[in-house]
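These values consider heavy atoms only, across backbone and side chains, with no hydrogens, waters or symmetry-generated copies.
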Amino acid sequence: QVQLVESGGGLVQAGGSVRLSCAASGRTFSNYGMGWFRQAPGNEREFVAAISRIAGSTYYADSVKGRFTISGDNAKNTVFLQMNNLRPEDTAVYYCAAHDKTYLSTSYYLTSRKYAYWGQGTQVTVSS
């Protein structure tokens with residue numbers, strides 16, 4: 001059973017920081033891409049960040065560049081999202097996702113369609 005479990009969400013004031021974790025089990029994901037998406041009420045699910053260990057590449061939505069950092073710990077089969085200088089518009093449920101194949105093409109990281117596994121999400125609320 002493949003599982004992705006997010007943790008680290010909560011309530012934070014604007015300008016603060018939160019680190020999200022995504023712990024994977026049932027499969028080793030060191031050769032697969034992993035990403036973070038978010039969805040706020042009334043909005044569509046949107047891409048936030050992704051990492052390809054094979055390509056040595058990270059990808060970020062324009063809205064989070066310079067504020068968020070994605071990283072991975074292969075030994076722990078875990079991916080992190082460090083979120084700094086948070087804004088109220090960052091408030092959303094954050095979802096971890098993982099590929100089930102090794103992809104190198106950038107397009108497969110930036111949209112949700114090619115991610116095979118998803119966590120249940122963790123709420124991040126940024127207050128003003």
Side-chain angles (χ1 to χ4, degrees):
Q1 175 73 263
V2 174
Q3 290 185 311
L4 274 56
V5 180
E6 303 97 334
S7 62
L11 177 64
V12 62
Q13 286 198 316
S17 297
V18 168
R19 169 172 270 206
L20 304 182
S21 298
C22 174
S25 61
R27 178 179 293 188
T28 298
F29 287 93
S30 60
N31 293 327
Y32 304 140
M34 299 187 72
W36 290 93
F37 293 76
R38 67 187 183 187
Q39 187 167 28
N43 292 328
E44 66 281 351
R45 184 171 298 187
E46 65 177 354
F47 167 77
V48 176
I51 184 168
S52 169
R53 267 70 66 87
I54 295 296
S57 300
T58 56
Y59 311 93
Y60 297 96
D62 287 343
S63 60
V64 307
K65 284 181 179 177
R67 300 189 298 122
F68 292 8
T69 302
I70 188 170
S71 62
D73 185 336
N74 288 343
K76 295 180 180 293
N77 209 23
T78 299
V79 170
F80 306 98
L81 184 68
Q82 178 68 44
M83 305 189 293
N84 298 326
N85 193 23
L86 285 162
R87 306 165 180 169
E89 51 263 44
D90 294 318
T91 296
V93 176
Y94 283 72
Y95 296 92
C96 175
H99 292 148
D100 65 349
K101 299 178 181 177
T102 299
Y103 295 120
L104 295 177
S105 297
T106 299
S107 62
Y108 291 132
Y109 292 84
L110 305 184
T111 63
S112 63
R113 285 190 286 272
K114 290 297 184 180
Y115 289 92
Y117 305 107
W118 292 84
Q120 293 299 307
T122 185
Q123 176 73 44
V124 175
T125 301
V126 184
S127 63
S128 60

- Query: Can Tyr108 and Tyr115 be said to form a side chain to side chain contact (heavy atoms under 4.5 Å, CB included), step by step?
  - Reply: CA-CA 8 Å; Tyr108 291 132; Tyr115 289 92; over 6 Å; no

**Any donor-acceptor N/O pair, Tyr59 side chain to Ser52 backbone, under 3.5 Å** = no

Between Ala40 and Thr91, the two heavy atoms sitting closest are CB-O, 3.5 Å

One should read off an interatomic distance between Ser128 OG and Glu89 CD, to the nearest 0.5 angstrom, of 10.5 Å

Looking at Tyr94 and Ser7, would you say the former's side chain and the latter's main chain have a donor-acceptor pair under 3.5 Å?
no

Hydrophobic clusters here meaning ILVMFWY residues chained together by side-chain heavy-atom distances under 4.5 Å, can you tell me if Leu4 and Tyr109 are in one? no

On a heavy-atom basis, the closest approach of Leu86 and Met83 is CD2-CB, 3.8 Å

Looking only at atom types and distance, does a side-chain atom of Ser30 sit under 3.5 Å from a main-chain N or O of Asn74, one as donor and one as acceptor? no

Here the gap from Ser105 atom OG to Leu110 atom CG, rounded to the nearest 0.5 Å, amounts to 10.5 Å

OH (Tyr60) and CD1 (Ile51) are apart, to the nearest 0.5 Å, by 7.0 Å

Please step through side chain to side chain contact (heavy atoms under 4.5 Å, CB included) for the pair Leu104 and Ile54, ending with a clear verdict.
CA-CA 8 Å; Leu104 295 177; Ile54 295 296; 3.5 Å; yes

Applied to residues 12-96, the disulfide (SG to SG under 2.5 Å) test, sequence neighbours excluded, yields Cys22-Cys96

query: Are any side-chain N or O atoms of Asp73 and backbone N or O atoms of Thr78, one a donor and one an acceptor, separated by less than 3.5 Å?
result: no

Could you go through residues 14-21 and list every donor-acceptor pair under 3.5 Å that involves a side-chain atom there, pairing it with any protein atom two or more places apart or in another chain?
from	atom 1	to	atom 2	distance (Å)
Ser17	OG	Asn84	OD1	2.9
Arg19	NE	Gln82	OE1	3.2

His99 and Lys114 have their tightest heavy-atom pair at CD2-O, 3.2 Å

With sequence neighbours left out, the residues meeting salt bridge (charged side-chain N to carboxylate O under 4.0 Å, His left out) with Glu46 are Arg38

* Below 4.0 angstrom, N of the basic side chain to O of the carboxylate: do Asp62 and Lys65 qualify? -> yes

Distance col, row Glu6:CD vs Trp118:CH2, nearest 0.5 angstrom, shows 9.5 Å

In terms of relative ring orientation, are Phe37 and Phe47 parallel, tilted or perpendicular, with 30° and 60° separating the classes? perpendicular

To the nearest 0.5 Å, atom OH of Tyr95 lies from atom OG1 of Thr122 at 10.0 Å

Side-chain heavy atoms nearer than 4.5 Å, only ILVMFWY residues, links allowed to pass through others: does that put Tyr117 and Tyr32 together? yes

Q.
Strictly distance-based, threshold 3.5 Å: is any side-chain N or O of Asn77 a donor or acceptor partner for the main-chain N or O of Phe29?
A. yes

Note: Gly35 and Ile70 closest approach over all heavy atoms is CA-CD1, 4.5 Å

dist Asn85:CG -> Phe68:CZ (nearest 0.5 Å) comes out at 9.0 Å

Item to check | Arg27 side chain vs Val2 backbone, donor-acceptor pair below 3.5 Å | outcome: no

Taking every heavy atom of Ala49 against every heavy atom of Leu81, the minimum-distance pair comes out as CB-CD1, 4.0 Å

In terms of heavy-atom contacts, Arg53 and Val79 come closest through NH2-CG2, 4.3 Å

Decide if atom CD of Gln120 counts as having more than 12 heavy atoms of other residues, nucleotides or ligands within a radius under 6.0 Å.
-> no

